[in-house]
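Notes follow the structure.
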Amino acid sequence: MNDNKRFEEEIKRLKNQKNAVILAHNYQLPEVQDIADFTGDSLALSQEAAKTQADMIVFCGVHFMAETASIISPDKKVLIPDQKAGCSLADTINAEQLKAWKEENPGSVVVSYVNTTAEVKALSDYCCTSANAVQIVNSIPEDKEILFLPDMFLGAYAAKVTGRKIDIWPGECHVHAGIRKQDLVEMQDSHPEAEMIIHPECGCTTNLMYQAENGTSCKNGNGNGHENGHVKFLSTGGMIKHVKESRSKEFIIATETGMLHPLRKENPDKVFHPARENAVCKYMKMITLPKVLRSLEEEIFEVKVPLNTAVKAKKSIDRMLEVTS
Ligand code: 13P
Ligand code: SF4
């Protein structure tokens with residue numbers, strides 16, 4: 001029996017014994033995704049955390065995602081197998097900076113991408129994910145000013161699709177910002193038949209959205225993606241759904257390369273090319289099978305949000321789930 005098989009069996013045994021559920025983000029290592037009870041994008045994982053009957057959630061993802069699960073399910077024990085699994089995007093704004101920004105813009109509605117700390121969520125009116133940013137912005141009355149944070153590319157994408165004027169925090173994810181328009185141009189030259197699928201956190205997004213001006217109307221976007229001929233802007237969960245339904249046989253995937261695993265697994269007859277081979281999130285890759293096993297054995301590392309912060313942060317998540325359910 002190889003090492004991975006041994007870890008898998010032990011993880012399964014402990015999981016059943018402790019009534020635990022393993023949730024894994026689409027960017028996790030393939031072997032971690034394969035032992036999970038549920039894999040998905042940020043939105044799907046928070047919805048799963050909200051409805052699970054398990055006593056314990058082992059969250060294979062990054063810290064803000066485990067925090068979100070803990071905020072939604074405060075009675076469950078939420079564990080992250082490596083405490084250092086952070087997010088460079090979430091680190092671009094803290095509670096003090098958001099307080100100051102709100103004071104400069106009284107009366108504005110604050111929409112925070114889920115990639116934020118619990119303290120930042122607690123100061124926000126709405127939480128959103130890449131799957132529903134457009135829907136959330138569209139649900140806000142037209143006369144309200146909107147502060148969107150922290151991802152500037154997702155913010156620009158939401159502004160473009162909705163036609164709303166939005167104040168956007170200048171944050172970015174180092175992995176997605178590194179995927180530039182030039183990468184896509186080169187990939188499309190090499191694979192002219194391929195459909196291009198782009199995560200709205202990518203640095204190339206704004207550029208391409210402007211090019212979409214003359215394509216399908218941006219205003220028709222439903223929050224699950226926007227199509228312009230061979231180009232589609234989608235959350236990681238949206239990518240899985242779209243590829244399954246698409247008649248195309250070849251795809252260029254512009255996001256973190258972990259995404260290739262679920263796409264290839266579910267679509268063995270289709271071909272996938274990463275837009276950039278080195279688009280790898282080192283934080284997502286910190287979670288390994290031995291760490292998942294240790295997490296279950298020793299019930300570490302527990303992620304718990306102070307009650308006062310959790311109650312306020314939950315309101316912004318609940319508002320998001322109300323709009324999207
Ligand atoms: P999704 O919500 O599309 O899964 O994206 C989360 C994320 O961290 C992207 O880097
Ligand atoms: Fe954060 Fe970027 Fe990693 Fe996503 S890919 S978890 S946004 S650092």
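Atoms within each ligand, like the ligands themselves, are counted from 1 in listed order.
- Nearest heavy-atom pair, Glu172 versus Asp151, reported as atom, atom and distance to 0.1 Å: CA-OD1, 3.8 Å.
- Using a 4.0 Å cut-off to heavy atoms of Glu201, the atoms of ligand 1 that qualify are 7 (C), 9 (C), 10 (O).
- Under a 4.0 angstrom heavy-atom cut-off, Met284 registers as lying outside contact with ligand 1.
- A donor-acceptor pair under 3.5 Å is absent between the side-chain atoms of Thr309 and the main chain of Val305, judged by distance alone.
- No N or O atom of Ser235 sits closer than 3.5 Å to an N or O atom of ligand 1.
- Side chain of Ser124 to backbone of Val120: a donor-acceptor contact under 3.5 angstrom is found.
- The distance from ligand 1 to the heavy atoms of His25 drops below 4.0 Å at these ligand atoms: 1 (P), 4 (O), 5 (O), 6 (C).
- Judged by distance alone, the side chain of Glu67 and the main-chain N or O of Ala118 form a donor-acceptor pair under 3.5 Å.
- The protein heavy-atom contact nearest to atom 5 (O) of ligand 1 is His199 NE2, 3.3 Å.
- A salt bridge is defined here as a Lys NZ or Arg NE, NH1 or NH2 lying under 4.0 Å from an Asp or Glu carboxylate O, and Lys5 with Glu9 fails to meet this definition.
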- Task: Please lay out, stage by stage, how His199 and Thr236 fare under the test side chain to side chain donor-acceptor pair (under 3.5 Å).
- Result: CA-CA 7 Å; His199 193 280; Thr236 62; 5.5 Å; no
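- Under the 4.0 angstrom criterion for non-hydrogen atoms, Asn115 is in contact with ligand 1.
- Under a 4.0 Å heavy-atom criterion, Glu201 is in contact with ligand 2.
- With a 4.0 Å heavy-atom cut-off, ligand 1 is reached by no atom of Glu256.
- Geometrically, ligand 1 and Thr129 share no nitrogen or oxygen pair separated by less than 3.5 Å.
- For atom 3 (O) of ligand 1, the nearest non-hydrogen atom from the set Ser130, Cys281, Cys128 comes from Ser130.
- Listed by atom number, the atoms of ligand 1 under 4.0 Å from Tyr27 heavy atoms are 7 (C), 9 (C), 10 (O).
- The main-chain N or O of Leu296 is found under 3.5 Å from a side-chain atom of Lys18 such that the two form a donor-acceptor pair.
- Interface of Ser42 with ligand 1, defined as ligand atoms under 4.0 Å from a residue heavy atom, comprises 1 (P), 2 (O), 4 (O), 5 (O), 6 (C).
- With a cut-off of 2.8 Å, the protein N/O/S atoms near atom 1 (Fe) of ligand 2 add up to 1.
- Between the side chain of Ser248 and the main chain of Glu250, no donor-acceptor pair closer than 3.5 Å is present.
- Looking at Ser235, its side chain does come within 3.5 Å of a backbone N or O of Gly238 through a donor-acceptor pair.
- The contact set between ligand 1 and His176, taken as ligand atoms under 4.0 Å from a residue heavy atom, comprises 9 (C), 10 (O).
- Neither the backbone nor the side chain of Tyr283 comes within contact range of ligand 1; no heavy atom lies under 4.0 Å.
- By the salt bridge (charged side-chain N to carboxylate O under 4.0 Å, His left out) test, Lys265 pairs with Asp34, sequence neighbours left out.
- Atoms of ligand 1 lying under 4.0 Å from any heavy atom of Tyr113, numbered from 1 in the order shown and given with element: 5 (O), 6 (C).
- Exactly one of Asn115, Thr116, Val114 qualifies for a side chain to side chain contact (heavy atoms under 4.5 Å, CB included) with Thr68. That residue is Val114.
- For the pair Lys102/Leu123, a side-chain contact is recorded, criterion being any heavy-atom separation below 4.5 Å from C-beta on.
- Formation of a donor-acceptor pair under 3.5 Å by the Asp41 side chain with backbone atoms of Gly237 is found in this model.
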